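Everything below concerns the one structure shown next.
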Amino acid sequence: MEFRVLAVGDVVGNPGMDRIRRSLRYLKQKTKADFVIVNGENAAVIGMTPHQGEDIFDAGADCITMGNHTFAKRELCDYLDENNRVLRPANFAPQVPGRGWAVYETKFGDVAVIDLIGRCNMDYTPDNPFLQVEKILPQITAKYIFVEIHAEATSEKLAMGYMLDGRVSAVWGTHTHVPTADMQVLPKGTGYVTDLGMTGPKYSVIGIRPDLSVAKFRGDLHQRYQWADGPTKLDAVLFTIDTVTGKCLAVERVDLTDENPARR
Ligand SMILES: [Fe+2]
Ligand SMILES: [Fe+2]
């Protein structure tokens, strides 16, 4: 038997939320996914509100992961403490609200999800995610373990994949909002992809209106960032897991994207 897990890239702004409401349940059915994990850290562009979290669950998510923007909306603090289906990075300082990993019951057996954040080119210094995950894994007896590494550097994410190869069912990256094409089963049976991508405006610079991003890189006077309008996309990766061994059998992209209006 197979256990199918759908991992969805960072949801960005109202366009991303609209796309999730419109498409997640459809994609879950189409891929026959048994468990859905969505990164929600950009639902409010910077952060996520509890209301948006509830909307993502209503759309079909079983677990929401966060990243460097976890605490941008302070009203999320209580929500994180009260709701074990929303995870913030496990290697944040231990005194901050919420939890970085949890175990969920499913009809296939227990599923553990661990959220980690990288340290390369990030604007703060959490605990070492490689050492932190080594402290967490011995506490978990779940048959299936999924690890998200929210990080900028592709090398940091790949290194995490290889360190955990054969010890967890799958490892994926988030944060760059740019989907990578390296879906693979690593040599010892762990599913892997460096970055899921994002859910939000298709024609954008990581979700933001291109003209605003171009202006920033040109050095123009700063304007407040705003998400882009127009067609949207949902970037997601499906991991098929063997229910006997807990190892990954297949990793595939199952992205949804609106048509380019110029081609109509
Ligand atoms: Fe991020
Ligand atoms: Fe993000």
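What you see is a predicted model; the values in this text were computed from it and never measured. Atoms considered below: every heavy atom in the structure, side chains included; atoms not considered: hydrogens, waters and symmetry mates. Indexing begins at 1, ligand by ligand and atom by atom, following the structure's order.
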Determine whether the aromatic ring centres of Y144 and F108 lie less than 6.0 Å apart.
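Not under 6.0 Å, so no.
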From N42, does some N, O or S atom reach closer than 2.8 Å to the Fe ion (ligand 2)?
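Yes - counting backbone and side chain alike, N42 has an N, O or S atom under 2.8 Å.
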Short N/O/S contact of H177 with the Fe ion (ligand 2) (below 2.8 Å):
yes
Would you name the N/O/S atom of D10 that lies closest to the Fe ion (ligand 2)?
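Atom name of the closest N, O or S in D10: OD2.
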Working note: R4 + I241, criterion side chain to side chain contact (heavy atoms under 4.5 Å, CB included); need CA distance, chi angles, decisive distance, verdict.
CA-CA 6 Å; R4 294 153 81 83; I241 311 297; over 6 Å; no
Do V205 and V12 share a hydrophobic cluster, counting only Ile, Leu, Val, Met, Phe, Trp and Tyr and linking them when any side-chain heavy atoms are less than 4.5 Å apart?
no
If you look at E41, which of its N/O/S atoms is nearest to the Fe ion (ligand 1)?
OE2
Three-point angle N68:OD1, the Fe ion (ligand 1), H175:ND1, rounded to the nearest 10°
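Result: 100°, to 10°.
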Side chain to side chain contact (heavy atoms under 4.5 Å, CB included) assessment of L27 paired with L6
CA-CA 9 Å; L27 188 61; L6 183 67; 4.0 Å; yes
Looking only at side chains, do R19 and T232 share a donor and an acceptor under 3.5 Å apart?
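A donor-acceptor contact under 3.5 Å links the two side chains.
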Heteroatom N/O/S of H69 within less than 2.8 Å of the Fe ion (ligand 1):
no
